[in-house]
Amino acid sequence: MTYDPSNIFGKILRGEIPAHKVYEDDAALVMMDIFPQSRGHLLVIPKATSRNLLDADPAALAAVMPLVQRIAKALLAATGADGLRLAQFNEAPAGQTVFHLHFHLIPVYEGTALAPHASGKADDAELAKLAQAIATHLA
Ligand code: 5GP
């Protein structure tokens, strides 16, 4: 399976469609998931092109994990969540729907079940507010 640049995250990375961005540098973009499984659900997207974990450059993987950790801490601080789930799906049978590598950071709130994967669309104004709140907690 090869990388297809027409995927939706490829379009977002090229600035062809908008996103609620939390953070961006030369190597990665962090944005709100528009169908969140919980309040604050984020996606960390390496800019290096790969479908998923299986075809990723090991150097790109090594470079992105410290950012995943940094974003996770800011996400917990901004949302007050009680825990956090890190998820990453590889190929359609495993639940992958967008074929550009990304890491889900899903806050967990005690006593509140997560919504199903990629179900209801969140309110844009709410996502914009959350993106700003998380960004202010980045060290
Ligand atoms: P996957 O199933 O590939 O692991 O995750 C893809 C994620 O992208 C899903 O959680 C889905 O809600 C999210 N998503 C799909 N389309 C868009 C979009 O246009 N913008 C954003 N920000 N997220 C999207």
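All values derive from a computational prediction rather than experimental measurement. Just so you know, ligand 1 is whichever comes first in the structure, and atom 1 is the first atom listed for that ligand.
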[X] near ligand 1 by a heavy-atom separation under 4.0 Å:
X	answer
His20	no
Ala19	no
Phe9	yes
His117	yes

query = Should the heavy atoms of other residues, nucleotides or ligands under 6.0 Å from CD of Glu110 be counted, would the total exceed 12?
reply = no
task = Could you tell me whether Glu24 atom CD has more than 12 heavy atoms of other residues or ligands within 6.0 Å of it?
result =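 Atom CD in Glu24 is packed in, count exceeds 12.
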task = Check each heavy atom of His104 against ligand 1 and say whether those closer than 4.0 Å belong to the side chain, the backbone, both or neither.
result = side chain
Which of the numbered atoms in ligand 1 are under 4.0 angstrom from any heavy atom belonging to [X]?
X	value
Thr97	1 (P), 2 (O), 3 (O), 5 (O), 6 (C)
Gly95	2 (O)
Met31	21 (C), 22 (N)
Ile8	19 (O)
Val98	3 (O), 6 (C)

What heavy-atom pair brings [X] and [Y] nearest, and what distance separates the two atoms?
X	Y	value
Phe89	Asn52	O-CB, 4.1 Å
Pro46	Val44	CD-O, 3.7 Å
Leu101	Ile45	O-CG2, 3.7 Å
Glu91	Gln96	N-OE1, 2.7 Å

Minimum-distance protein heavy atom relative to [atom]:
atom	result
atom 1 (P) of ligand 1	His102 NE2, 3.1 Å
atom 16 (N) of ligand 1	Phe35 CE1, 4.1 Å
atom 21 (C) of ligand 1	Ile34 CG1, 3.5 Å
atom 22 (N) of ligand 1	Met32 O, 2.9 Å

request  = Examine Ile34 and Leu130 and state if one hydrophobic cluster contains both, with Ile, Leu, Val, Met, Phe, Trp and Tyr joined whenever side-chain heavy atoms are less than 4.5 Å apart.
outcome  = yes
query = So if you build clusters from Ile, Leu, Val, Met, Phe, Trp, Tyr with side-chain heavy-atom gaps below 4.5 Å, do Leu13 and Tyr23 land together?
reply =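 Different clusters.
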Examine [X] against ligand 1 and note whether any of their N/O atoms are separated by less than 3.5 Å.
X	value
Phe89	no
Gln96	no
Asp33	yes

ask   = Between Arg39 and Glu126, is there a salt bridge with N-O shorter than 4.0 Å?
value = no
request  = Go through the steps to decide whether His104 and His102 satisfy the test ring pair (Phe, Tyr, Trp, His ring centres under 6.0 Å), and finish with yes or no.
outcome  = CA-CA 7 Å; His104 296 259; His102 54 280; 5.1 Å; yes
message = Given 3.5 Å as the limit, does a donor-acceptor pair link the side chain of His100 with the main chain of Ser6, or not?
response =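 Answer holds: no.
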